[in-house]
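Okay, so here's the structure we're looking at.
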Amino acid sequence: MALDKNGIAKRIAQEVQDGFYVNLGIGIPTLVANYVREDIEVEFQSENGVLGMGPFPFDGEEDADIINAGKQTITTMPGASFFDSATSFAMIRGKHVDLTILGAMEVAENGDIANWKIPEKMVKGMGGAMDLVASAENIIVAMMHTNKRGESKILKQCSLPLTGVGCVTKVVTNLAVLEVKDKAFHLLERAPGVSVEEIQNATEGTLVVKGDIPEMSL
Amino acid sequence: MALDKNGIAKRIAQEVQDGFYVNLGIGIPTLVANYVREDIEVEFQSENGVLGMGPFPFDGEEDADIINAGKQTITTMPGASFFDSATSFAMIRGKHVDLTILGAMEVAENGDIANWKIPEKMVKGMGGAMDLVASAENIIVAMMHTNKRGESKILKQCSLPLTGVGCVTKVVTNLAVLEVKDKAFHLLERAPGVSVEEIQNATEGTLVVKGDIPEMSL
Amino acid sequence: MINKKVNNVQQALHGVKDHMTLMLGGFGLCGIPENAIAELVRLNVKNVTCISNNAGVDDFGLGLLLQNKQIKKMISSYVGENDEFERQMLSGELEVELTPQGTLAEKCRAAQAGFPAFYTPAGFGTEVAEGKETREFDGKMYVLEPAFKADFAFVKAWKGDAAGNLVFKGTSRNFNPNMCGAAVITVVEVEDLVEVGELDPNHIHIPGIFVQRIFEGANYEKRIEQRTVRQKQ
Amino acid sequence: MINKKVNNVQQALHGVKDHMTLMLGGFGLCGIPENAIAELVRLNVKNVTCISNNAGVDDFGLGLLLQNKQIKKMISSYVGENDEFERQMLSGELEVELTPQGTLAEKCRAAQAGFPAFYTPAGFGTEVAEGKETREFDGKMYVLEPAFKADFAFVKAWKGDAAGNLVFKGTSRNFNPNMCGAAVITVVEVEDLVEVGELDPNHIHIPGIFVQRIFEGANYEKRIEQRTVRQKQ
């Protein structure tokens with residue numbers, strides 16, 4: 001069975017290692033925080049200027065001056081810090097953030113990613129995504145394998161305006177975990193009950209399948 | 001009578017205007033703070049990271065963590081702030097400092113200044129001087145008109161390695177106040193009792209003397 | 001102490017004119033200069049270029065200037081959550097220069113610190129880099145981005161004093177400190193204008209040298225864009 | 001909270017080797033990492049390159065490493081007040097790269113923030129610019145200066161916590177924050193290692209993400225270079 005958004009987040013959470021500083025994008029990535037193992041130490045950075053984000057505040061305790069990059073009210077953990085935007089991107093550009101998790105409209109087998117614009121239809125803007133993907137060495141994309149019309153978003157080449165080139169290292173979708181290297185998507189894991197064939201059919205880009213592909217353990 | 005160091009500082013203090021942020025170099029410039037009119041508001045910046053310097057501390061109240069760029073123990077005024085070196089030079093490079101006063105070994109009629117090195121003999125280093133002279137629009141040099149051997153330090157061309165090019169706007173020496181423009185030193189004022197001829201004799205660079213030259217009023 | 005205090009928002013915005021370039025702090029609705037924005041609406045200056053990470057929402061923040069058709073051009077990183085912004089952009093009524101967020105912040109900081117331009121990897125290989133100089137350093141590609149040039153910067157701080165010293169709170173800090181001193185005139189509104197000497201010199205986020213005018217703002221709404229909470233167990 | 005605390009200066013300097021490039025905070029003797037310097041002397045690492053605004057005085061600070069002939073090259077802005085430094089430089093025993101102070105600070109900040117190089121007006125037309133790329137922007141000339149690349153940064157802060165968050169005091173701040181995260185490994189010594197959560201998140205000068213190791217230093221001498229005082233009337 002294909003994963004839902006929380007399932008994708010849960011699987012990505014397994015990629016988060018002890019001692020990691022992690023930047024979570026808007027959407028599915030935000031959910032990842034809910035599933036990180038409790039026996040490891042992780043700090044979440046939000047590019048609007050906070051390190052050490054905690055859970056959402058209790059009802060009535062929200063503070064308009066303390067939000068995340070998704071403009072949601074948040075809390076902070078002991079040891080948290082606030083800083084300006086230039087410093088925030090010093091952390092990102094300077095490779096001090098260990099893991100970046102973000103959403104995408106399309107990814108390509110060479111690691112290109114598109115997630116900010118559909119010409120003449122929709123423009124959200126790139127926000128901090130272009131800085132993140134241009135600098136991070138460990139980028140995981142959280143996304144649906146196909147669009148609402150069933151068309152693959154895991155492509156030979158992106159059709160939408162790019163956010164970054166050759167930068168994505170891993171993709172976790174509702175169907176699979178894919179490693180991006182050598183101009184191909186390497187199938188690492190299947191969603192529970194999803195066959196290699198289903199994944200192959202949903203993937204437009206080059207899919208490399210070597211040996212038995214295990215199911216994700218969630 | 002030629003001025004002493006305090007006299008030079010006293011004359012330069014007259015150039016400090018209400019609302020000015022001022023950077024004072026090591027040596028004579030440091031003395032300028034003692035002579036600024038008390039009815040105007042001025043803040044002194046020191047490039048090691050303090051704005052709003054006050055007088056020296058009372059004996060026994062000195063703090064090793066609060067010094068100026070000359071490594072002297074200082075105090076701060078109400079409204080003072082401390083900051084890091086990059087921010088300090090953001091103030092300087094970003095032209096937020098209104099007036100820079102520094103010493104020199106030589107100045108030239110085109111506004112060049114040399115004050116950090118005598119090849120094979122002495123190297124103090126440029127400290128913040130190169131940043132200051134490259135960025136400031138209002139640079140006053142405090143110096144002796146001649147060296148110990150009586151040779152002019154007010155030159156056609158600097159002989160020592162430069163600190164900055166075409167940047168000095170005014171020079172106050174023990175003999176005179178000179179404006180630097182149009183590739184010449186324009187004599188504005190004489191030290192009390194010093195004749196134009198004496199100044200001319202002590203000046204190697206082109207000296208422009210127009211009309212009666214008043215004595216400084218100190 | 002050099003006094004930067006002005007009496008009210010009218011004095012603070014003296015000299016703002018049509019066709020000027022304005023910087024405005026804030027991320028979403030967090031840390032926006034509410035009083036300056038209200039005065040810009042009242043002044044009804046037209047054809048301004050606004051540098052701001054976002055453009056507020058339809059009926060608050062810079063959205064008010066958009067509704068009022070005062071803005072000729074927006075320089076922002078993110079449009080989402082503002083329908084009128086997206087509509088004006090897609091229809092071509094509004095000129096929009098989308099800039100990566102870190103580049104936006106650094107273009108402010110470069111202006112503040114006297115750097116004419118800088119090299120950043122953000123946007124290389126994308127349409128953001130089109131027409132711009134690119135260059136390789138150590139095997140990685142970078143885009144040359146110029147510093148911003150703005151006439152006014154409107155900044156919101158938490159506390160400040162008459163010397164122009166500022167302290168920010170939480171994530172309402174965001175772009176505000178980076179915009180101080182990045183325009184010809186920096187105008188700061190604070191929630192709390194304290195006595196000079198009250199702020200700890202070790203904990204001033206922005207020294208007054210970067211500020212030209214400061215005033216205590218009135219009636220902060222501080223609207224929350226996405227109120228997200230959890231329930232007590 | 002990611003724990004950066006190490007137990008002592010020996011653990012903090014683990015991995016420092018001959019021929020490495022080291023950054024050291026401080027201005028004169030103010031805010032220097034006294035414990036790290038003492039350990040560098042004890043380790044007797046040789047042929048190191050030191051990036052530090054000054055080189056201490058003859059018998060304190062980096063002067064100790066100079067006396068001990070451990071330094072191959074100094075990258076500094078100011079030599080004055082250190083006779084041994086000047087002597088080794090003029091005799092050619094010591095390689096010295098003199099760098100304008102603001103450039104020195106920004107070369108650290110560029111390394112911290114992921115900028116490969118930057119344009120500064122400082123040093124244009126002087127021997128500092130010899131052999132370097134220069135360029136005109138808006139009628140003014142600039143010199144291209146690359147970011148530093150260092151193996152270790154040794155930083156002294158006033159207070160810090162196990163998460164690596166730092167607070168500096170007075171002018172002992174100077175280059176210290178700019179060097180955090182500017183080397184492969186940033187080692188911080190503090191006078192006071194406080195409990196995590198004790199530092200106000202609004203007033204942390206350097207967030208822990210820029211720090212790899214932190215420890216509480218022992219026996220700070222904090223020598224004053226120029227004790228200048230006035231007498232009470």
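It should be emphasised that the depicted structure is a prediction, and the values quoted were computed from it without experimental measurement.
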* **Lys NZ or Arg CZ of R173(C) over F83(A) ring: under 6.0 Å, within 45°** =>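 Pair R173(C)/F83(A) does not count as cation-pi.
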I'd like to know if [X] and [Y] make a salt bridge, using a cut-off of under 4.0 Å between side-chain N and carboxylate O.
X	Y	result
K169(C)	D63(A)	yes
K232(C)	E61(A)	yes
K222(C)	D65(A)	yes

Interface moiety of [X] toward chain A, non-hydrogen atoms closer than 4.5 Å:
X	value
N54(C)	side chain
E86(C)	side chain
E191(C)	side chain
N174(C)	both
V96(C)	neither
L98(C)	both

Using non-hydrogen atoms and a 4.5 Å limit, figure out which bit of [X] sits close to chain C: side chain, backbone, both or neither.
X	value
S88(A)	neither
E120(A)	backbone
F56(A)	both
N68(A)	backbone
K121(A)	backbone
I67(A)	both

Could you grab the distance from atom [atom1] of [X] to atom [atom2] of [Y], nearest 0.5 Å is fine?
X	Y	atom1	atom2	result
R93(A)	F118(C)	CZ	CZ	7.0 Å
E47(A)	S77(C)	CD	OG	8.5 Å
N53(C)	S85(A)	CG	OG	6.5 Å
T126(C)	W116(A)	OG1	CH2	6.5 Å

Might you confirm whether atom [atom1] of [X] has over 12 heavy atoms from other residues, nucleotides or ligands at distances under 6.0 Å?
X	atom1	value
K149(C)	NZ	no
M77(A)	CE	no
K5(A)	NZ	no
Q157(A)	CD	no
D59(C)	CG	yes
K117(A)	NZ	yes
K183(A)	NZ	no
D138(C)	CG	no

* Should Y78(C) and M126(A) count as side-chain neighbours, where that means a heavy-atom distance under 4.5 Å? ->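 No, every pair of side-chain atoms sits at 4.5 Å or beyond.
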* Asked: Is the closest side-chain heavy-atom distance between F58(A) and R230(C) below 4.5 Å?
  ->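 F58(A) vs R230(C): side chains touch.
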* Counterpart residues, side-chain hydrogen bond (donor to acceptor under 3.5 Å, both in side chains), relative to E109(A) (two or more places apart) ->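 In terms of side-chain hydrogen bond (donor to acceptor under 3.5 Å, both in side chains), with neighbours along the sequence ignored, E109(A) is linked to T206(A).
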* **Working for side chain to side chain contact (heavy atoms under 4.5 Å, CB included), residues L29(C) and K71(A)** => CA-CA 8 Å; L29(C) 302 180; K71(A) 285 101 176 179; over 6 Å; no
I'd like to know which of [options] tops the heavy-atom pair count under 4.5 Å against chain C.
options	answer
G128(A), G127(A), A69(A), P119(A)	G127(A)
I66(A), V50(A), V123(A), I74(A)	V123(A)
I92(A), T163(A), D131(A), T76(A)	D131(A)
I26(A), D112(A), L162(A), D59(A)	D59(A)

* Working for side chain to side chain contact (heavy atoms under 4.5 Å, CB included), residues F175(C) and D84(A) -> CA-CA 6 Å; F175(C) 292 85; D84(A) 63 73; over 6 Å; no
* N178(C) side chain to A86(A) backbone, donor-acceptor under 3.5 Å ->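 Flag set: sc N178(C) to bb A86(A) pair under 3.5 Å.
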May I ask you to name which of [options] has the most heavy-atom pairs under 4.5 Å with chain A?
options	result
P121(C), G125(C), P177(C)	P121(C)
R223(C), E127(C), M89(C)	E127(C)
R227(C), M141(C), E106(C)	R227(C)
A105(C), C30(C), P100(C)	P100(C)

